[in-house]
Engineer: 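Can you read through this structure? Questions will come right after.
Not measured: the values here are computed from a predicted model. Proteins come first, then strands; the chains are lettered A, B, ... in the order of their sequence lines, and each starts at number 1.
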Amino acid sequence: MDLDRELNPQQTEAVLHEGGPLLVLAGAGSGKTRALTYRIAHLVLHRGIAPWNILAITFTNKAAEEMRLRVRRLLGTEKTGIWVGTFHATCARILRQHIERLGYRKNFVIYDTADQLRVIKSSLKRLRVDAKQVRPVAIQNLLDKAKNQGIDPALLVPQQSPTGRIIEEVVADYKRRLEEANALDFGDLIVLALRLFETCPDVRASYREKFHSILVDEYQDTNRAQHLLLQQIASEGGELCVVGDDDQSIYRWRGADVNNLLAFEKDFPGTRVIALEENYRSTQTILRAADAVARGNPNRRGKRLWTRNEVGDRLVYEETMTPDEEATSIAREIQRLATELDIPYRSIGVFFRTNAQSRPFEERFLLLRIPHAVIGTMRFYERAEVKDLLAYLRFLYNPDDSVSLLRILNQPLRGIGPTTQATLQAYADEQATSLWGGIEHALEKGILSGASRGRLERFQGLIRILNQGFENHGSPEILLKTVVAQTGYKTFLEGKEDGERRLENVEEFVHTASLFQAMEEEAPGRETLGAFLQRIALVSDIDQYEDRANCVSLMTLHCAKGLEFPVVFLTGMEDGILPHQRSYTSPEALAEERRLCYVGMTRAKKKLYMSRACYRSIYGERQQTDPSPFLASIPPDVIDFRDAEDEFDEIDDADPIGIDAGNGDSVLDYGESQLDRPPLPPMPSSGRKQTYRIGERVEHETLGIGTVRNVEGTGYKEKITVQFKVGKIRKLMVQVSPLKKSS
DNA sequence: CCTCGGTGATTTTTT
DNA sequence: ATCACCGAGG
């Protein structure tokens, strides 16, 4: 390991730093992963720190895997003993050891978002609350928000609101249900680890001692709870090193708080700050354009990213009429790149803001036979058949997991339907036990009658057989095979729609289990199953993303974080799509959209394309679009305007629309481009401003008070979408509707 | 108990 | 456009 030759001075400094906290501000493509892995290697090889005294936190499991690999290569050994993982995985690992100290049983399961929603819905039902009155996702958001901040969800229940009491009850019931099921949601993993350290000083002390050296990647995307956790385990004598980039903070909606990064020195006094500003990834042109976009935001730490790379090509911006044409045009360009320039498909990334935008690309690419992979849609473990089987495993691991039990009770069908389930649930509630506890109790006491009793007994018998198999060899693979065989799951699938495909998924799942088995070193048993389930609960699809196949990668901007491609297509550069409609609710949300744009742009190494469709269907309704305001920030001399129609007239009286954070002299700095112009009649040259803004309150003669959700068009074509208090959503023509502004 | 069709609501990003 | 939920009929 030759530091001087392989690292720049700032990276070297980050690697060598000893003692107090270290904050590395690492711009896009500045080789931060390199610095991090070298730092780890240096700790072990030259400073005599034992690998098991090192904790490295990454943002995704994929990043963890990669770091593990790189560290292994540097250290030259297979088993390093270093803890590398996401916050969630790390906390799960800690809790697996000590959760009994918090009154939970050791065999806890992890509830994902869907499981969480099931619990909330059943709580609502139990409390006889109409799901329309209190939306389940609203509860879910509240729970999430609280746990991300490390506070009790009860504290976030709105006190004034008429539904406050109900929400309070649901939140309390949710908590009870999860405890009863011995289940933790994602937020709990962090919060409970935090509580473990707070309430058990001895445990905390042991981890403080263990983790002499802690490294955290993507620090800008940590939330409050994670920050607190770090404060708990980072010891005074130890070394804490965090790496991040405030310009790439894109998970605010998930509770991430850039202030963790911005105010790091305040929370950890004596911090040394190092900035990595040399970019090794992109051309000068791409960097210049991206930097200009980033500058549109206030409150940045600010940095000067530079590169020794070539100037490179200008960016290409293209407008088409529809998303289909956008996809067609990009598909053709990709073909051209592949044939004329010999660019392999795998070096091309196509990004979009929302998953829903991927469809036209998939269709076009399929048609033109462009090999492609959509990253991050319909995760494997979310497919019904996989979830079913997983539920069996989870239930066998933890019989109190009622969500899983409810899923498998009648799957495959065995005549234990909703009615029976409700009866059983009511009985279990009465007995203050989990659903399975209630069922066993009911069977024992002979409370149930006739048919359903027999069916339940048969189910109980099945579970007994499975449990026996589990005791004999707890290997997930064998257990899974037993489940499939004993339940007749394959037969169950055969008749169904898409049966073939689903059977394949079952096979694949079994295969995954066998791979997992092969990785484990200990003899299979309860622990193995627990570890297997935990892994499944915490991996996402980007983690599975393998770039060995020569495919064009289609993904959302969020998925693209941390990746790079020689050629990038940034699509849907439209106001309302790239700054997403919903981000107009707050300046912070809007700033995040700009960062998202920045992240997308900085993924590109050589070529960056941006595009927009002038019309897009939203809610299945065709709407005109405006160019993304972010385009206005890009200096005109680095961008080529390519027009599908190839007509290019000047507009003289156009008003810039939306927020204008640009320097005002961009080619793209007009509100509407040629293609927007309606054929007839021509727009009047005056009165083209929008008179309403999103979020404004309005009063309608018959519909009453409402809030503006969307504004489209200007002048006599101005239309607003209003959500009225009475619950209706209406789209109204401003000029003709009996409307007035209200306060 | 299942399937079908209508209804209404709902749209960001995911550990 | 798509999905979840509900009630009616098989």
Engineer: Rounded off to whole Å, could you give me the CG-to-P distance for the A/D188 and B/dT15 pair?
Structural biologist: 17 Å
Engineer: The side chain of A/H88 is closest to which nucleotide in this list: B/dT14, B/dT10, B/dT15?
Structural biologist: B/dT15
Engineer: From the set B/dT13, C/dA4, B/dT15, return the single nucleotide nearest to any side-chain atom of A/R254.
Structural biologist: B/dT15
Engineer: What integer distance in Å separates A/I120:CD1 from C/dC5:P?
Structural biologist: 13 Å
Engineer: A/D221 has an atom CG; how far is it from atom P of B/dT12, in whole Å?
Structural biologist: 19 Å
Engineer: Nearest 0.5 Å, please: how far is CD in A/E593 from CG in A/L590?
Structural biologist: 7.0 Å
Engineer: Report the C-alpha distance between A/R252 and A/D257 in whole Å, list the side-chain angles of each, state the deciding distance to 0.1 Å, and finish with yes or no for salt bridge (charged side-chain N to carboxylate O under 4.0 Å, His left out).
Structural biologist: CA-CA 6 Å; A/R252 205 185 70 99; A/D257 187 354; over 6 Å; no
Engineer: Hey, which sits more toward the 5' end of DNA chain B by its nearest nucleotide, A/N410 or A/H558?
Structural biologist: A/N410
Engineer: Can you confirm whether A/K387 sits close enough to A/R407 that some side-chain heavy atom of one is under 4.5 Å from a side-chain heavy atom of the other?
Structural biologist: yes
Engineer: May I have the distance from A/Q248 (atom CD) to B/dT13 (atom C1'), rounded to whole angstrom?
Structural biologist: 16 Å
Engineer: What is the distance, to the nearest angstrom, from the CZ atom on A/R353 to the C1' atom on B/dT13?
Structural biologist: 5 Å
Engineer: Please list, chain by chain and in numerical order, all residues satisfying side-chain hydrogen bond (donor to acceptor under 3.5 Å, both in side chains) with A/D401, sequence neighbours excluded.
Structural biologist: A/Y111, A/R394, A/S404
Engineer: Let me spell it out: for each of A/R455 and A/H580, pick the nucleotide of DNA chain B with the closest heavy atom. Which residue's pick is nearer the 5' end?
Structural biologist: A/R455
Engineer: So what does A/R359 touch, heavy atoms closer than 4.0 Å: a base, only the sugar-phosphate, or nothing?
Structural biologist: sugar-phosphate
Engineer: Is the base of B/dT13 touched by the side chain of A/W253 through a donor-acceptor pair closer than 3.5 angstrom?
Structural biologist: yes
Engineer: Taking only N and O in the side chain of A/T556, is any of them less than 4.0 Å away from OP1 or OP2 of B/dT14?
Structural biologist: yes
Engineer: To the nearest angstrom, how far is A/R594 atom CZ from B/dT12 atom P?
Structural biologist: 22 Å
Engineer: Below the 4.0 Å mark, does B/dT13 have OP1 or OP2 next to a side-chain nitrogen or oxygen of A/N355?
Structural biologist: yes
Engineer: If you check every side-chain atom of A/C559, which of B/dT14, B/dT12, B/dT15 has the closest atom?
Structural biologist: B/dT14
Engineer: I need the CZ-C1' distance between A/R582 and B/dT13, as an integer number of Å.
Structural biologist: 11 Å
Engineer: Between P on B/dT13 and CD1 on A/I577, what's the gap in Å once rounded to a whole number?
Structural biologist: 11 Å
Engineer: Counting only side-chain heavy atoms from C-beta out, which of C/dT2, B/dT14, C/dC5 sits nearest to A/K121?
Structural biologist: C/dC5
Engineer: Considering residues at least two apart in sequence or located in another chain, which fulfil the side-chain hydrogen bond (donor to acceptor under 3.5 Å, both in side chains) criterion with A/T602?
Structural biologist: none
